[in-house]
Structure formats: structure tokens, C-alpha cells
Amino acid sequence: MVPTSWYLALSAVLFAIGAVGVLVRRNIIVVFMAIELMLNAVNLTFVAFARQLGTIDGQVIVFFVMTVAAAEAAVGLAIIIAAFRNRPTVNADELAVLRW
Amino acid sequence: MTGNVLLSLIVWTPLVGALLVLLVPRDQPDGARRAAFAFSSLTFVLSLALWAGFRADTADFQWIEQGAWVPSFGIQYILGVDGVSLFLVLLTTFLTPLVILFSFGDITTRVKEYFFFLLMLETGMLGAFLALDLFLFYVFWELMLIPMYFIIGVWGGARRIYASLKFLIYTLAASLLMLVAILYLVSVHAHGAAVTFDVRELYGTVLSPTEQLWLFTAFALAFAVKVPMFPLHTWLPDAHVEAPTGGSVILAGVLLKMGTYGFLRFAMPLFPDATRAATPLILALAVVGILYGAAVAMVQPDLKKLVAYSSVSHLGFVMLGLFAVNTIGVEGAIYQMLNHGLSTGALFLLVGVIYGRRHTRAIADFGGLWKPLPRYAAVFLVVMLSSIGLPGLNGFIGEFLILLGSFAANRAATVFASGGLVLGAVYMLWMFQRVIFGPLRHEENAHLQDLTGREIAVLAPVVAMIVVMGVYPRPFLRAMEPSVKALVARIEAHDGPATRIAARVNGQR
Amino acid sequence: MHGGEIIPTSTLWLIPALPLAGLLLAIVFGDRKRLVTIVAPGVVGIAFAVALASVVTLLRAPAGARLVDDVYPWIVAGPFRADVAFRVDALAAVMVLIVTGVGFLIHVYSVGYMAHDESLPRFFAYLNLFMFAMLLLVLADNLVVLFVGWEGVGLCSYLLIGFWYEKDENAAAGKKAFVVNRIGDLGFVLGLLLLAWSTAANGAISLDVAHVEEHVHLLAPQTATAVALLLLVGAAGKSAQLPLYVWLPDAMAGPTPVSALIHAATMVTAGIYMIARLHVVFLASPFALEVVAIVGAATALFAATIALVQTDIKKVLAYSTVSQLGFMVLALGVGAFATAIFHVMTHAFFKALLFLGAGSVIHGMSGEQDVSQMGGLREKMPITWWTFLVGTLAIAGAPGFAGFFSKDEILAHTWGTGHYALWAVGAFTAGLTAFYMFRLLFLTFFGELRAAPEIAHHVHESPPVMTVPLVILAALSIVGGWVGLPEGWLWGPAFGRFLAPVTGHSALGEHGAGVETALMLVATLLAAGGATLAYVFYVRMPGLPYLLAWRLKPVYELLVGKYWIDELYDAVVVRPYVALSNLLWRIVDQMMIDGAVNGVATTVLANGQLWRYVQDGNVQHYALVFLGGAIALLSYYLVR
Amino acid sequence: MTFPAIDWIAVLPLLLVACLGVVCLGVGLFVDDDEVLGWGALVGLGVTFITTAVLIGQHGSAFNGTLVLDGYALFFDLLILAVGCVVVLMSMSYVEETGIGAGEYYALLLFALSGMIVMASATDLILIFLGLEVMSISVYILAGAWRTQMRSNEAAMKYFLLGAFATGFLLYGIALIYGATGATRIDVIADKLGGVIDRHLLLAGVAMLLVAFGFKVAAVPFHMWTPDVYEGAPTSVTALMAVAVKSAGFAAFTRVFLRGFGGLHADWSMLLWVLAVATMTVGNVLALAQHNIKRMLAYSSIAHAGYILVALTAGGPTGGAAALFYLLAYAGMNLGAFGVVLALGRRGEPHEEIDDYAGLGFRSPLLGAAMAIFMLSLTGIPPLAGFAGKIYVFTAAVREGYYALAVIGVINSVISAGYYVRVLVVMFMTPGAVDVVRASRRPYLFTSIVFSAVVTVLIGVFPAPWLELARLSFLSQP
């Protein structure tokens with residue numbers, strides 16, 4: 001059987017990849033996808049722990065997270081669209097009117 | 001002891017006046033002026049009643065009012081007066097109506113706001129002098145800052161914004177450190193006792209020497225900035241120069257006394273060991289302040305700056321007297337606080353008079369004013385002489401007692417400090433020579449108006465007090481003596497300098 | 001000497017209070033000149049009468065008694081107490097009579113002298129204030145009260161020197177007088193402080209004269225020396241001794257009656273009076289007394305040499321005053337306190353006379369003070385001439401005149417206490433005195449008038465209101481010395497006997513009358529020599545002085561330049577102090593201290609400006625910072 | 001099928017607000033009058049406030065004890081509802097002038113409030129997560145509510161991206177704690193801290209939660225979004241974010257750390273100490289350099305978060321009570337300040353530069369006086385609310401021995417005086433010409449400003465009852 005720690009390590013790596021993705025990708029939509037990756041990495045952790053602890057809680061939490069992530073995705077895309085209407089770009093660099 | 005409300009009346013009457021002044025319609029500045037004068041005069045009358053009812057035979061606080069404010073934190077509303085604060089209260093209530101009267105002609109824009117702040121300031125000052133709860137004291141202490149800040153900043157001169165901001169930030173910085181120290185002190189006192197900010201209880205707090213030193217430092221910083229002691233004094237010349245006349249008078253006359261009063265009431269008796277440990281340093285700074293202030297005052301081209309630096313010098317004397325920690329020195333110091341309030345206040349008024357006429361304060365713009373302004377010159381002369389401590393006028397009593405007291409505590413410091421007597425005469429006389437004596441150097445000064453009736457009404461009481469306090473200091477000294485003795489006894493331990501002096505005086509040689 | 005009967009009285013306060021009332025009246029009725037000219041001398045006259053009555057009471061009482069008037073408790077703080085109290089003992093009696101008497105005469109004289117000055121009420125107000133302060137000084141039974149008078153006279157001196165304030169020099173001279181006096185006062189105050197604490201006893205700190213006298217034995221020798229020397233500094237300031245004499249010559253900027261009253265007869269003797277008053281302290285320190293004597297002798301000689309070459313009539317008299325004060329201090333230094341006071345008295349007479357005479361001359365010469373512009377005034381101003389001659393003879397020590405006896409007594413005591421060198425200095429100075437005084441006399445009253453025609457045309461004798469005081473003072477300058485004859489002559493030193501209960505008998509050596517006569521002879525010869533020399537120089541051979549000045553150019557210039565002491569002080573004290581003050585202000589205060597204060601603020605602000613650019617608007621940079629923070633927090637747990 | 005027993009009292013405030021939001025959304029489809037909608041939201045919130053106030057003293061729990069009604073929750077419920085009321089008042093004319101859709105605006109506002117109420121009441125990490133998300137998602141949209149404004153879009157975008165990023169950390173933290181303790185209930189976690197658990201896992205989780213909460217309350221270095229979002233969002237929303245969102249964030253933060261991880265105080269206090277110092281200092285120093293008042297207030301809100309972190313660092317009942325009290329004091333003065341910012345703006349001219357305030361003090365004495373009170377209170381000048389708040393925070397720090405922290409705190413107060421007082425300088429000491437819309441035309445806005453000012457003075461002068469309230473509320477946590 002695969003030890004829990006492997007799952008944890010995997011999720012940590014996924015989380016890290018997601019975080020790095022947030023930092024390095026220029027396209028806002030891709031950035032957002034990287035965040036989704038982070039959330040799903042956490043989901044993996046929850047499931048792994050739930051399995052290890054033998055409780056169902058962790059599994060249930062994952063559903064909550066998925067729901068929330070869906071809501072966030074909807075709102076996020078809406079915001080991106082609204083911004084796109086005013087200024088047709090999806091480049092994170094160009095969203096820098098507010099500064100200093 | 002509770003049940004009388006005189007002190008509360010004294011403290012809050014100006015604030016009530018301030019709020020009422022705000023209600024006066026904007027197009028009736030005279031109404032605002034009269035209302036302000038009426039309320040400040042009422043306060044003065046009330047404070048006279050306080051003096052009349054003051055018992056000079058006890059060191060205890062009198063007219064105490066006590067009530068809960070924030071019970072869970074041990075914060076109370078406690079007001080009380082003793083021989084130390086009595087005269088500072090009187091000084092405040094005496095000067096404020098005069099300042100308001102003077103400002104009748106001096107302030108022509110935003111009149112009611114000016115008087116609002118002035119009266120609010122009076123409440124702050126009176127509260128700070130009368131509060132016996134450290135927290136309450138601190139509230140009043142900071143409450144004073146804001147009106148003064150506005151008075152300088154709104155009605156001040158060209159660099160008023162810089163000056164007012166400097167004043168505010170400087171004093172705020174120092175006093176906030178004191179706040180932490182207060183909280184610490186209270187939290188230490190709360191071990192094994194009910195938590196309280198009542199200073200009478202806190203006097204007995206047992207602190208380790210290290211704690212005392214730290215706390216004393218924090219308190220001393222706050223007060224030293226206010227005094228102001230060298231080298232924390234640079235806000236003062238700026239504030240004085242930019243403030244309107246009334247602001248300068250109150251600033252010099254009363255606000256600076258907050259610092260010395262704070263030392264005497266709080267920093268020294270709360271931390272006696274630290275006080276003794278710090279005495280050499282404080283004395284050294286006081287002496288430096290005396291000499292340095294006098295030297296720098298001499299070369300100022302601006303009248304107000306000159307007077308400002310003279311304050312640094314004079315307040316150095318007060319510190320010297322306080323840290324003599326004996327009855328004579330401390331009484332002299334308190335007396336000198338009053339003297340400085342009167343004479344420096346009057347000096348600022350006098351500068352204000354000619355500033356109002358000529359819109360300049362540069363010494364070089366005057367000269368030979370005796371001829372066009374004989375009455376003005378005569379008053380100026382008396383005030384200047386009071387300021388340099390001419391015997392027979394009030395300043396001498398204070399300086400002499402201070403030197404007499406400090407001589408027993410620290411001869412070297414006294415000897416150096418006494419140099420201030422000479423240097424003080426130098427800058428004052430030179431200034432007087434350049435402003436009042438000599439030929440009329442500027443044509444526009446030839447037809448200046450001499451003191452008006454209102455200005456005489458403002459200056460005459462001050463001059464009268466200058467003379468009375470020089471000739472007959474007895475009632476003042478007698479009233480403060482028991483409280484001073486009690487404070488001195490609290491500050492000194494059994495091996496304190498004053499005890500040694502007492503032993504010597506009693507002929508055990 | 002303490003002890004003696006105390007006679008309580010309640011009238012002494014009137015003596016200073018009367019001039020004070022005059023002052024107040026002068027302030028209130030400042031615009032009514034006539035009234036002021038009556039009131040101001042009037043109150044002083046009444047004060048003189050009251051003083052006289054008090055002295056009579058004193059004379060009737062047993063020797064050593066004193067009148068005391070304890071008016072009210074003044075400063076009471078802790079163990080310290082000072083009452084406003086007055087005393088009249090022998091010492092104060094002499095002084096109070098001199099002050100009110102001479103003061104009265106000078107007030108009267110001033111009515112004439114100042115008649116045309118528009119600020120006459122102000123003048124009399126100052127003069128009355130001066131009388132008040134001076135009387136406070138001499139009558140004070142408490143050293144703090146004495147100090148009030150002490151500084152009070154200094155103030156009046158300041159105001160009167162600068163009376164004609166519109167001239168910058170006058171105002172500056174007044175300031176100089178005050179400041180230099182303050183330096184002296186500083187010593188005085190410190191002396192008082194030390195004295196107060198050193199004589200503290202029985203739970204009381206007091207500067208009552210009686211208390212000090214009673215507890216002077218508590219002074220340790222070094223303490224006594226310190227106190228005495230500090231007091232000497234005070235006396236040197238007020239009585240214009242080396243090195244603090246510099247203000248007195250400049251003080252001549254004031255109106256001449258002021259020079260007569262304040263800067264000759266009364267105020268400048270306050271230092272002498274104070275040392276006499278506190279002589280018990282000085283007796284406790286032989287070393288200090290020695291210093292006093294040396295300072296006195298040195299000052300006498302020093303000032304006399306300067307007086308030799310001055311051409312301003314008042315400057316000559318001023319240096320002469322300094323020199324005479326030196327004699328008095330010398331007397332104090334050799335322990336002859338009564339003699340010093342004796343000389344104070346005679347000097348008050350003849351120096352007041354000389355100054356008023358000079359004033360009369362100046363008045364007649366339309367304000368001219370330079371003797372090189374005068375000459376031949378004998379005929380035009382006969383009363384002035386005769387009285388001036390009397391004054392000159394008195395100061396020069398012509399036998400029988402007032403100065404003769406007092407100066408002789410000083411020299412006799414100096415010799416008698418073994419100060420032979422100082423005696424020689426004194427005797428030589430006496431000769432110089434005669435020379436420069438006669439020089440002055442000859443230049444003023446002999447020869448041809450050298451003034452411009454329009455001034456010469458106006459020269460006139462002064463009105464009676466001015467000449468009457470001259471005559472009275474001239475009479476006093478003759479007979480005033482007869483109260484203190486040498487031992488064995490007629491009634492002998494009656495003056496000294498009168499003062500003895502206060503000042504003690506000075507220890508005149510055992511050297512018989514012969515020695516004293518011989519000394520007297522020597523001094524008289526020297527004076528006569530000086531006078532003769534002056535006659536030769538300035539009447540017989542007027543070219544000789546110029547020749548001498550040319551041949552001894554360096555010496556001459558040194559003297560004309562007054563040893564350049566003023567310049568020295570200016571270079572060593574005044575300028576460095578001003579420079580230091582400027583340095584402190586501009587560099588230390590503004591740049592360093594205020595720079596530090598503002599620097600803190602500026603640093604914080606600059607940091608704000610700097611770091612705000614980290615906030616560059618790029619959301620991914622924000623995330624980077626965020627992540628950095630998160631990693632930092634995590635690693636805190638992982639690493640520790 | 002049986003529902004678990006629900007204590008309706010425990011969810012009553014939440015239910016009311018949430019329902020109100022739904023109603024608002026629905027009505028907004030048909031009613032066009034902004035003012036009516038505003039009044040509806042206001043009255044609804046008022047009723048909820050009163051209803052909640054009536055519940056004081058009651059205890060209840062729901063959803064297996066994951067949501068409780070204790071004094072602590074009530075304190076925050078009332079605070080949040082009151083803030084909600086004021087924000088609605090402030091929004092009335094603003095919404096109309098900016099053309100923001102009133103229906104969805106008020107609905108989202110109410111949803112956000114309901115999310116906050118969940119955060120205040122939740123005793124389970126997952127519920128806190130849910131509440132936080134409900135709140136956050138609503139506020140993301142609100143930040144971008146002024147759709148035609150690029151700045152508003154950008155603010156929403158930044159807030160959303162970073163918020164979602166932070167959510168990842170929150171969840172990861174919850175996951176690790178769940179892994180370490182096997183629980184997500186705060187009280188259970190607290191009980192298990194003493195047992196045999198994987199401390200590394202636990203502490204990593206604690207750190208992650210610290211990051212997430214730090215983001216919500218705008219603690220340095222997780223504060224970067226704050227100035228941009230505060231500046232770009234519609235001002236009324238900024239007020240909501242600065243006050244309500246922060247309060248809710250601290251509600252959860254305080255409950256989780258002081259109640260849940262109280263046993264680990266020694267482990268996290270050092271971190272919090274550093275965060276507090278950094279937050280205060282960065283907030284204050286950078287605020288000095290701002291020209292835009294909203295941005296300045298944003299940094300100011302960062303700094304104030306720092307002061308509250310000082311209270312949390314001190315920990316214990318004193319620290320907790322101090323934090324609660326501070327939030328109360330902070331709410332009044334900060335709302336008021338944003339109210340004045342709103343009052344200065346007019347259609348098309350936001351007047352958000354500090355220089356726009358020139359001469360305001362004497363031209364518009366009411367606004368001037370109110371702004372002076374707010375600025376001085378924010379500085380911490382007695383006898384105003386901000387001073388009382390700071391006193392209790394620093395008292396807590398001193399009592400628990402954090403002297404250096406207290407000293408750094410007061411030094412920061414001094415620095416803060418620099419920029420708060422600058423507003424006074426501009427208002428009272430420099431001439432200027434910006435005209436203000438008359439008070440009578442914006443009655444709601446001015447009511448809210450006066451209300452805030454009164455509260456600010458009242459709390460300052462009579463702090464005792466409020467302080468007692470904060471103390472009891474904190475202690476009432478199960």
C-alpha cells in the first residue's frame with residue numbers, strides 16, 4: 001500500500017506547482033487555473049488524511065471545496081470578462097493602473 | 001471629601017464656554033469675543049474662590065472629587081489640588097482671560113474658532129494640573145496638544161504648518177512613551193493590589209531600581225520635551241515664532257510648566273531612587289540649558305525667538321531648583337514657574353503689541369521706541385527686569401531660592417548656573433537697547449500708537465503681579481510649603497541630600 | 001562686632017519709603033514738571049530729616065546700640081527666612097546721612113542742571129528710585145534686602161547712564177555698567193549662598209546681619225576665604241576695582257549730577273560699605289584681606305596713571321574716582337574699616353563737589369567736556385572756580401582739607417600694619433592725584449579760553465540753584481575731615497571712635513606719633529610736588545607736556561589708550577562669546593540638534609517614499625511577496 | 001430522514017440577513033427605485049440588529065456545534081450589522097450617482113454580511129472557510145461593482161486573484177491541521193493539542209492559517225492587495241472592506257488562535273510579534289507617502305490591523321478583549337472617515353486626492369469637525385475612541401510582558417500622526433476651493449457621518465461599558 005506521506009508529498013508538489021504557476025504565467029486565465037490546481041492539491045491532502053484517519057470528514061470537505069471553487073470560478077470569469085470589456089487584455093502585467 | 005464640585009466647575013467651565021462660543025453666529029465676532037472673555041473670567045473668579053478656601057496648613061490634597069470612570073481598569077475621575085498645583089491653576093486662569101482680551105484686536109479671522117480652541121486649551125491645562133488619576137492626567141495632557149496645534153497652525157505665521165506639526169509630533173512622541181510607562185507602572189502596582197491609576201496610591205509602588213530607571217526615563221522624556229530641556233528644545237523656538245501672540249503667551253506661560261509640574265508631581269515622587277540616580281545628569285542638562293539658552297538667545301535676530309530661547313534658559317533654572325530636592329529649591333522652582341509664566345507671557349504680549357503695529361518681529365526693524373511709545377517702553381522695562389531677576393521683582397525670589405536650594409545639593413551646578421544671571425542680563429539688555437533705546441532708526445516707527453486702553457488693561461494686571469510677587473511672596477510660599485515638604489520627603493530616602501542638609505542646618509557639625 | 005543694645009523702632013522704613021513715594025508721584029504726575037521739581041528733592045530732604053532724627057536717637061543711646069525696624073517677613077521658605085528689616089547703627093548712620101545729605105544737595109542742583117530737559121520728570125523718577133535703592137542698601141538689616149538695594153542702584157545707574165538713550169553710546173554704556181555689575185553681583189550672590197549655608201545653625205538659614213555676625217565662627221578658614229573673595233568680586237564690580245572697573249569711565253555718559261551722586265558719592269561706595277558691613281567675614285580670612293589690600297592699591301595706582309592724560313573733564317574725574325575707591329579698598333584690606341568709611345565720607349563731599357563743579361563748567365560751556373577746549377574760566381565762573389579749587393585741594397590732600405585727614409589715615413594704617421610696599425604705592429598715587437587734579441584745574445580755569453567763539457560767547461556762571469550746593473559741598477570738603485583727626489590732635493579720631501562698636505578698632509601698629517607725622521609729611525610733600533609739576537607743565541611751560549608725550553610715545557599711548565583694557569576684554573571675552581553664541585545657534589542648534597530632529601522625520605518620510613514603489617501594481621509581484629511571507633512563516637517552524 | 005436538531009436561535013441572525021439578501025435580489029429585478037431598495041436593506045438590517053440584540057445573553061448552537069451563538073458571536077454580529085447599516089446609509093446616494101445596480105449591490109452586501117456572520121459564529125474551520133468564501137466572493141463582485149470603471153475592474157481582479165490564492169493556503173492549513181488532529185472543530189483541536197500529535201504537521205497548518213488570516217486582515221507581508229483594492233473599489237465598498245471584512249477576519253482569527261491554538265501561544269506568539277511590528281510599521285510609514293486619501297486610509301487600515309495583532313500577540317483574555325474593543329472603536333472612526341471621503345465626491349469628480357480637502361475645515365465646518373475627530377481618533381488622541389482602543393491594546397501587551405511591542409506600537413502611533421494630521425493641515429491650514437454637496441441633499445450620508453462621529457466620541461469618553469462588553473463577549477466563548 002502506498003503510504004500517506006506519498007500522497008501528501010504529491011499534493012505539496014502540486015500545490016507548489018500551482019503557486020509557481022500563479023507567479024509566472026502572464027495570462028490571467030492561466031493564473032486562475034493554477035489557483036484551481038492549488039485547491040485541488042489541497043483536496044488531495046484532505047482525501048489522503050481522511051483515508052489515514054479513517055474518518056469521512058475529509059472526504060466531505062472536498063465536496064465543499066469543489067463547490068466553492070466552482071463558485072469562485074464563475075465569479076472570477078465574470079470579473080475577467082467585465083474587465084475585458086473595458087480593456088481587451090488578459091495579460092496580468094497590464095492590470096497596473098492602481099499602484100504606488 | 002466628595003460632594004464639592006468646585007474643581008470640576010473650574011475645569012469644565014471653559015469647555016462649556018468653548019462649545020457655546022461655537023454657537024455664536026459667524027457674523028458676530030464680538031459676541032464670540034465677549035462670551036470667551038466672560039467664561040474665562042468666570043473661571044478665574046472660581047479659581048479665586050479656590051484660593052480663598054485653600055487651607056495652607058496641610059499637605060493633603062484638597063477639594064478632592066472622586067468618581068469611577070473605567071472601573072475595570074481602575075481608572076477614576078479624581079481631581080484635587082495642593083500647594084503645588086494651586087498656583088499653577090491660578091496662573092492658568094489668570095493668563096487666559098488676559099490672552100483672550102488681548103486677542104480681541106489680534107485675531108480677526110475665524111474668531112470664534114480661535115476662542116473655541118483657546119478655551120478648550122484652558123480646560124486641558126486646568127485638568128492636567130488638577131488630575132490625580134494618571135490616566136485622567138494623560139487624557140488632559142494630550143487634550144492640550146490639539147487646540148495648541150490648531151492655534152499655531154491656523155492663526156500662525158508663515159511657517160506655521162511646519163512649526164505646528166513639529167510641536168505636535170515632538171510632544172506626542174515623547175508623551176506616548178510615557179503612556180507605556182504609565183501602563184507598566186499600573187500593571188506592576190496591580191500585583192497584589194487592586195488595579196488603579198490613582199497617583200496617591202501609585203506613589204507607594206515598589207519597583208526595582210532597573211524598573212524605576214526605565215520608567216523614570218520615559219516620564220522624564222515626556223516632561224523634558226515639554227519643559228523644554230536641552231537638547232529637546234528645538235520645537236520651542238519654531239512654535240513660538242509662528243504662533244499668534246495669544247498662543248505664544250499660553251505656550252510659554254502655562255504649557256511649559258506642564259513639564260516641570262510633571263516632574264514634580266509624577267516623575268520624581270513616583271521614582272525616587274531613579275530621581276536620585278538621574279539627578280547629576282538632569283542638573284548637568286539644566287545648567288547647559290541655562291547657559292546655552294542664554295547664549296543662543298543673544299544672537300537671535302527675531303524677538304520671539306529670543307524670548308523662546310530665554311525660556312529654555314529660565315526653565316533650566318526651574319529644573320535646577322526641582323532637582324535640588326529640598327524645600328527651598330523646590331519652592332523656588334515653583335515660584336519661578338509662576339514668574340516665568342508672568343514675565344515671559346508679558347514679553348510675548350509686548351512683542352505682540354509691536355508686531356500688530358509693524359508686522360515684523362525683527363529686532364533690526366526697531367530701535368528708539370522709547371520716544372514714540374513711552375508707556376510701552378516703561379512696561380517693557382519692568383517686564384524685562386522681572387525676566388532677568390532684578391531683586392524687588394518676582395523673578396529674583398524664584399532665582400534666589402533656586403540657587404540657595406541647589407547650592408546645598410550641588411555646588412558646582414549652582415556656580416555654573418549662576419552664570420546664567422549674567423548671560424541673561426546680557427541678551428535681555430542688549431535686546432532692550434536695540435529695540436527701545438538708540439535713535440529712531442526707521443521712519444515708520446515714529447508715529448506708532450502707544451499702548452491702547454485695552455492693551456493696558458491686559459498688561460497692567462501682569463505688571464502688578466510682577467511687583468506684588470516680588471515684594472510680598474509670603475502668601476504664595478506659605479501656601480505651597482506643606483505640599484512641597486511632603487513631596488520632598490517622598491522623593492528623598494533617608495540618606496537623601498535634603499536629610500543631610502537638615503542635619504547640618506541643625507548644627508550638628 | 002555683635003552685641004549691643006537693640007532699640008526697636010518703626011520709623012526707619014520711612015527713609016527709603018519717602019523717595020519711593022516720590023517715584024510714584026513722578027510716575028503719576030509725570031506731565032507736571034514744576035510739581036516734580038518740588039516733590040523729588042523734597043522727599044529726599046524729608047528723608048534726610050528722618051535719618052537725622054534716627055541718628056540723633058542713636059547718638060543718645062549707649063555706644064554700640066542700634067535701631068532696628070523689622071517691617072515684615074519677606075521670603076520664608078523652609079528653613080530659610082529673610083525679613084524686610086532696617087537697622088541704623090554707627091556704620092549705617094554715617095552712610096544714611098551721606099546718602100540723603102549729598103543726595104539732597106544733588107537733587108537740588110539737578111533742578112537747575114536739568115531744567116531744560118524735556119524728560120525731567122523721568123530723570124527725577126530715576127533719581128528717586130536710586131535714592132530708594134541706595135537707602136535700602138545702607139539700611140538693610142538683612143543681606144538679601146541689601147542685595148535688593150545693591151542691584152537696585154545698579155539698575156538706576158543703568159537707566160541714568162542711558163538717560164539720553166537716543167545716543168547709542170549712552171545706551172551701550174548703561175548696558176555695560178549693568179552687565180559688569182552683574183558679574184560682580186554674581187560673586188556677591190555666590191558669596192551669600194556660601195555664607196548662608198555655612199552659617200546655618202539651629203534649624204535656621206538666615207542672612208540677617210546679626211545672624212551672620214553671631215555665627216561667623218562656624219566658617220572654616222577656607223570657607224571664610226572663599227566667601228570673602230566672592231564678596232570682594234561683588235565689591236569690585238560695584239566699587240569699580242580691578243578688573244571690573246571698566247564700566248565706570250563709560251558711565252560718564254549720564255547727566256553730570258548722576259555722575260556726582262551715583263558714580264562718585266554714593267553707589268560706587270556700596271562695595272566699600274558692604275565689606276565694612278561684613279568685615280567679620282573678612283577678618284576670618286587674613287589671606288582674603290591681603291588680596292583686598294592689593295586690589296585696592298593696584299586699582300588706585302592704575303586708575304591714577306590713566307587719569308594723567310585724559311582730556312575729558314568727566315573722564316579724569318571718573319578715573320580719579322576709581323583711584324580713590326582703590327584707596328578705600330586698600331584701607332579695608334589693611335583692616336582699617338572705619339578709615340575706609342571715613343574716606344567714603346570725605347570723598348563723597350569733595351568728589352560730588354568736583355563733579356558738580358565740572359557739571360557747572362559743562363553747563364556754562366554749552367555741553368563741552370573736553371578740557372583742551374577750555375581755559376581761563378576763572379573770571380567767567382568765579383564761584384565754580386573757587387569751589388573747584390577747594391575740591392581739588394581736598395582730593396589732593398592739602399593739609400587741613402577733608403581729604404588730607406582721611407587719606408593720611410589710610411596711609412598711616414597701611415604703614416602701621418606693615419604693608420610698606422602698599423604704602424609706597426599709595427603715597428606715590430597721592431602724588432599722581434595731585435598732579436592730574438591740578439592739571440585739570442589749570443587746563444580748565446587758567447590760560448586762554450580755547451573754545452569756539454560761539455561757545456565762548458555763551459560762557460556764564462551757573463544759577464544759584466546749582467552754585468549753592470557747590471558752596472555747601474565746598475564747606476564740607478574743608479571741614480568734613482575734622483571729625484577724624486590723627487590720634488592726639490584735639491579731639492582725635494572721633495569718627496573712628498563712633499564707628500568702633502561696629503567696625504572695631506583697627507590694629508594701628510605701635511609706632512608713636514612721630515612716625516605718623518613723618519608719613520604725613522612725606523605724603524604732603526609728594527602731593528605738593530605733583531601740584532607743582534602740574535603748574536610747571538600746564539601754566540608755566542605749556543609745550544612741555546607735548547614734548548614729553550612725544551619722547552615717551554609708547555607710554556603716553558598706553559595711558560591714553562587706557563592700557564587697552566576695553567579692547568582686551570572685547571577681544572578676549574565679548575567677541576569670542578558672540579562668536580560662540582552664533583556657533584551654538586547656527587551649528588549646534590540648527591544643524592546638529594534640529595537637524596537630528598528633522599532628520600528622523602525626513603528619514604521616515606524618505607522610507608515611505610522609497611518603499612511605496614515596491615507596490616508596483618503587478619498582481620503577480622504581490623503574490624510573490626505573499627508567497628515569500630508564507631515561506632518565511634513556514635520555515636520558522638521547520639527550521640527552529 | 002431526520003434532520004439533526006437545529007437550535008434556530010443560533011442561526012437566526014444569519015438566516016435573517018441571508019433571506020434579506022435573497023429578497024433584495026429578487027425585488028431588485030422589478031423595482032427600479034434605488035432609494036426604496038436601500039431603505040429596504042436598511043430596515044431589514046435594522047430589524048435584524050434589534051432581533052440579534054434581543055438575543056443577548058442567549059446561548060445556542062447548531063449544525064453539530066459547528067455554529068454557535070455565544071456572546072462572542074453576538075458581539076461581532078451586532079458590530080457587523082451596525083456597520084452594515086451605516087454602509088447602506090452611505091451607499092444610498094453613492095449607488096445612485098455612480099449608476100451601480102442597486103438590487104445586486106444591496107443583495108451582495110447582505111450576502112457578504114451573512115458570510116461575515118458565519119465567520120463570527122463558526123466554531124469549525126470548515127464553516128469558517130465557507131463563511132469566508134461567501135463573504136469574499138460577494139466582496140470580489142462588490143469591488144468590481146462599478147463595472148464601467150477600469151479601476152473598479154482592476155481592483156476586483158486583483159482582490160479576486162490574490163483572495164483565491166490565499167484561499168488555497170487557508171485550505172491547505174485546514175487540511176494539515178485536520179491531518180494532525182483529526183478534527184476541524186476548534187474546541188476539539190484545542191483539546192487535542194496536549195496529546196500525541198505530529199507537531200510539524202500541526203505547526204505547518206498553523207502557519208498556513210496565519211497566512212490566510214493575515215491576508216484577510218491585511219497583515220504585512222500579505223497586505224499587498226489592500227492599497228490597490230481599497231483605492232479602486234467603490235468607496236462604500238472600501239468602507240465595508242476596511243471595517244466589516246476586517247472585523248470578520250479578526251473574529252475568525254481571534255477565535256481560532258486564542259481559543260483554538262491558545263495552547264500553542266508560545267509557538268505562534270513570536271511570529272505574530274514579527275507580523276504585528278511589520279504590519280504597523282509598513283502601514284504607517286507607507287501611508288506617509290500617499291496622496292490619495294483612499295490609499296492612505298488603506299495603509300492606515302493595515303497599520304490598525306497591526307495594532308490589533310499586538311493584542312493577539314499578547315493573547316489571553318486581556319488581549320482578546322482588547323482586540324474586540326479595538327475593532328469596535330476602529331469601526332466608528334474608520335467608517336466616518338470613509339463617509340467624509342464619500343461626502344467630498346460628486347458625480348464624475350471623486351475628489352480623492354488629499355489636496356482636494358484644502359480649506360474644507362472652515363468651508364464646511366460639520367465635515368471638517370467630523371473628519372478632525374476621525375483623524376485624531378485614528379491617531380489615538382484622547383478622549384476619542386482610537387485612544388481608548390490603543391490604551392487597551394497596549395495595556396494587554398504590557399501586562400503580558402511585551403514591552404518592546406508596546407513601545408514600537410506607540411512609536412508607530414507617532415508616525416501615524418504624521419499622515420493623519422496632514423489631513424488636518426490640508427483641511428484647516430491651506431486654502432482650497434473644492435465645493436461640497438450640501439448636507440441636505442445627502443441626508444443619509446451625513447447621518448452616517450454624524451453617527452460615526454458621535455460613536456467615536458462616546459466610546460472615547462465613556463469606554464467602560466463597551467470595554468466590559470468586549471471582555472464578557474470574549475470570555476463567553478464555549
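Not measured: the values here are computed from a predicted model. Lettering of chains follows the sequences in order, A, B, ..., and the numbering in each one begins at 1.
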Per-residue contact mode, A:V97 against chain D (heavy atom under 4.5 angstrom): both
For chain A, which residues of residues 125-137 of chain D have at least one non-hydrogen atom nearer than 4.5 Å to it? D:I126, D:F129, D:L130, D:E133, D:I137
Crowding at CG, D:L29 (>12 non-hydrogen neighbours, <6.0 Å): yes
Please output the side-chain donor-acceptor pairs of residues 3-16 of chain A that fall under 3.5 Å, not counting sequence neighbours, one pair per line with the distance.
{"from": "A:S11", "atom 1": "OG", "to": "A:L8", "atom 2": "O", "distance (Å)": "2.9"}
{"from": "A:S11", "atom 1": "OG", "to": "A:T45", "atom 2": "OG1", "distance (Å)": "2.8"}

Which residues from residues 35-44 of chain A are near chain D, with near meaning under 4.5 Å between non-hydrogen atoms? A:I35, A:M38, A:L39, A:V42
Among the options A:T67, A:V31, A:I28, A:V60, pick out the one with the most heavy-atom pairs lying under 4.5 Å from chain D. A:I28
Checking heavy atoms, do the side chain of A:A50, its backbone, both or neither come under 4.5 Å from chain D? both
Heavy atoms of D:M150 and A:L95 approach each other most closely as CE-CD2, 3.6 Å
So for D:Q290, is it side chain, backbone, both, or neither that comes closer than 4.5 Å to the heavy atoms of chain A? side chain
To check you understand the geometry: which heavy-atom pair defines the closest contact between A:L98 and D:D228, and what is its length? O-OD2, 2.9 Å
Quick one: do A:F49 and D:L176 satisfy side-chain contact (heavy atoms from CB on, under 4.5 Å)? Show the steps, please. CA-CA 8 Å; A:F49 278 132; D:L176 293 177; 4.2 Å; yes
Sequence neighbours excluded - side chain to side chain donor-acceptor pair (under 3.5 Å) pairs with any residue from residues 88-98 of chain A: A:R26-A:D93, A:T89-A:E94, A:D93-C:N618
If you take all heavy atoms of D:Y178 and A:L53, which pair is closest and at what distance? O-CD1, 3.3 Å
Quick check: does any side chain N or O of D:N153 sit under 3.5 Å from a backbone N or O of A:N86, one acting as donor and the other as acceptor? no
When the 4.5 angstrom heavy-atom criterion is applied to A:A34 and chain D, the contacting part is neither
Ignoring hydrogens and geometry, is there a side-chain-to-backbone donor-acceptor pair from D:K158 to A:A96 under 3.5 Å? no
What part of D:F160 lies closer than 4.5 angstrom to a heavy atom of chain A: side chain, backbone, both or neither? side chain
